[in-house]
Amino acid sequence: MSSTESKQPVTPVTVPQDERIQRVSFWKRALNRPELGALAGAVLVLSFFIVASSGTGMFTPAGIINFLEVAAQLGIIATAAALLMIGGEFDLSIGSMIGLAGILIAIPAVEYGWPLWAAILLAFACAGLVGWINGNLVNKTGLPSFIVTLGFLFILRGLAIGVSRLLTGRTQVGGVQAHIPGDWFAALFSGEVATGLFTWMAANGWMATNFAGNPVVSGIPVSIVWWLGLTALATWVLLCTPYGNWIFASGGDANAARNSGVPVHRVKISLFMFTAFSATIFACIQVMDTGSADTIRGMLKELEAIIAVVIGGALLTGGYGSAIGAALGALIFGMVQMGIFYTGVNTDWFQVFLGVMLLVAVLFNNYMRKKAMEAK
């Protein structure tokens, strides 16, 4: 080897960095989050009503509790609907399950003297059965969940009306409130929490009081607690557990997930059962609050839940979404519904706003996904 050849410089070899350990900017991470659009929408709606409802009391403690309670009632079922949609399926029977569950609670307690806790457990047992049947029909027949649950939308509503008329001769059953005091299970779905804290705040001048000296807000409705609790639980399941990965995989590509060992059938059945359970939780809270059940309760709630989930950034095709996004979608829904009331706008226009929000959310989510793909 000549001296000239031995002195030639050696070109360093560049080893490409593993993309899994590359630094990702905050903006790129934010673009990949499904709830980004819902967060922006919530801020926009909040800002609008802060200005539009100035002086109306919407953002007093009582006003805030009002729209949070509306958001919570929708958020309870939207959380379960979000997990199911991430798993690649729909449940259009949620609203009818609310009506049937209410009847299953009220009739045994009022007409036959059952303890309220036993009637509530009966409703949950029936909800579990309905969810199990829905999931099995979707898995074993290969029919779209849209069709299967659309059938159960009519079946469950018809059962609620038929059973109620057969056993009571009417479609409304009252008198539940007399059974609530002293019932350990009913207490989980009725009343308020943190009442002592609000009384203490009023006594120290940190909360306004009414003419009787009581705080204008006596506590936090239990529906809000259920909403926040279910949202936190669903978020933990999705982000921190293998089952959460199974949900995303089942919705993204069921065949690939199945070939990788994911129990897709069991995952989807459990998600259908969860949506039925969430509808029953909603029904329990509603029955305890009003003291009655009505066969038409829950009408169109399944569509409102889907709207909240889509506003929250979930894909209709499955495999993408978040429980936090669904909660933000429900919050937007609550603010708009109560904001229209406080600002004096004719409530007949509410469904127009709802439809516009859905279209804007879908368009915005598509735009953000394209930006996220370009940023990768």
Side-chain angles (χ1 to χ4, degrees), residues 31-42 74-75 77-95 131 134-135 137-139 141-153 231 234-235 237-238 244-257 262 264 267-272 274-276 278-279 300-333 351 353-373:
L31 284 175
N32 285 315
R33 294 303 307 164
E35 60 269 12
L36 176 64
L39 179 61
L74 176 60
I77 55 176
T79 298
L83 266 62
L84 183 62
M85 289 175 63
I86 293 170
E89 306 293 348
F90 291 92
D91 189 349
L92 297 181
S93 66
I94 294 176
N134 272 333
L137 282 176
V138 170
N139 285 330
T141 65
L143 291 172
S145 56
F146 179 90
I147 298 298
V148 172
T149 58
L150 180 62
F152 268 87
L153 179 152
T231 300
T235 301
V237 167
L238 285 175
N245 292 332
W246 292 352
I247 294 174
F248 282 109
S250 298
D253 190 330
N255 289 328
V262 175
V264 175
V267 168
K268 294 196 175 188
I269 289 172
S270 65
L271 292 176
F272 277 109
F274 184 42
T275 58
S278 71
L300 298 180
K301 282 297 178 183
E302 59 281 336
L303 298 182
E304 292 178 4
I306 291 172
I307 289 173
V309 175
V310 172
I311 291 174
L315 287 178
L316 295 173
T317 52
Y320 186 81
S322 76
I324 294 175
L328 289 170
L331 179 61
I332 292 173
F333 180 94
Q351 290 190 358
F353 283 103
L354 204 58
V356 170
M357 281 197 303
L358 174 61
L359 293 175
V360 171
V362 172
L363 292 173
F364 185 76
N365 289 339
N366 286 337
Y367 172 78
M368 295 306 295
R369 279 195 299 276
K370 288 179 182 178
K371 286 294 183 181
M373 295 301 295

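Only a predicted model underlies this, so the values are computations on that prediction, with no experimental measurement involved.
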Donor-acceptor contact below 3.5 Å, side chain T149 vs main chain S93: no
Side-chain heavy-atom pair M85, V310 within 4.5 angstrom cut-off: yes
E89 vs L271 side-chain heavy atoms within contact, under 4.5 Å: no
Closest non-hydrogen atom pair, G325 against A38: O-CB, 4.0 Å
Shortest non-hydrogen contact from A330 toward A308: N-CB, 3.9 Å
Gap separating the OG1 atom of T275 from the CG atom of L92, nearest 0.5 angstrom: 10.5 Å
Heavy-atom pair with the smallest gap, counting every atom of A80 and S278: CB-OG, 3.3 Å
S145 versus F272, closest heavy-atom pair with distance: CB-CZ, 3.8 Å
Spacing of N134 atom CG and K268 atom NZ [to the nearest 0.5 Å]: 13.5 Å
Separation of S322 OG from F248 CZ (nearest 0.5 Å): 7.5 Å
Closest contact, heavy atoms only, T79 versus A323: CG2-CB, 4.5 Å
Spatial distance of atom CG (L153) from atom CG (L303) [nearest 0.5 Å]: 8.5 Å
side-chain contact (heavy atoms from CB on, under 4.5 Å), paired with I247, selected from L84, L238, V262, V264: L238
From I306 atom CD1 to K301 atom NZ, the distance as rounded to the nearest 0.5 Å: 13.5 Å
From D91 atom CG to I94 atom CD1, the distance as rounded to the nearest 0.5 Å: 4.5 Å
Test log, rule side-chain contact (heavy atoms from CB on, under 4.5 Å), inputs F274 and L83: CA-CA 9 Å; F274 184 42; L83 266 62; 4.0 Å; yes
Over all atoms of both residues, closest heavy-atom pair of A81 and A305: CB-CB, 4.2 Å
L137 side chain near L143 side chain, heavy-atom distance below 4.5 Å: no
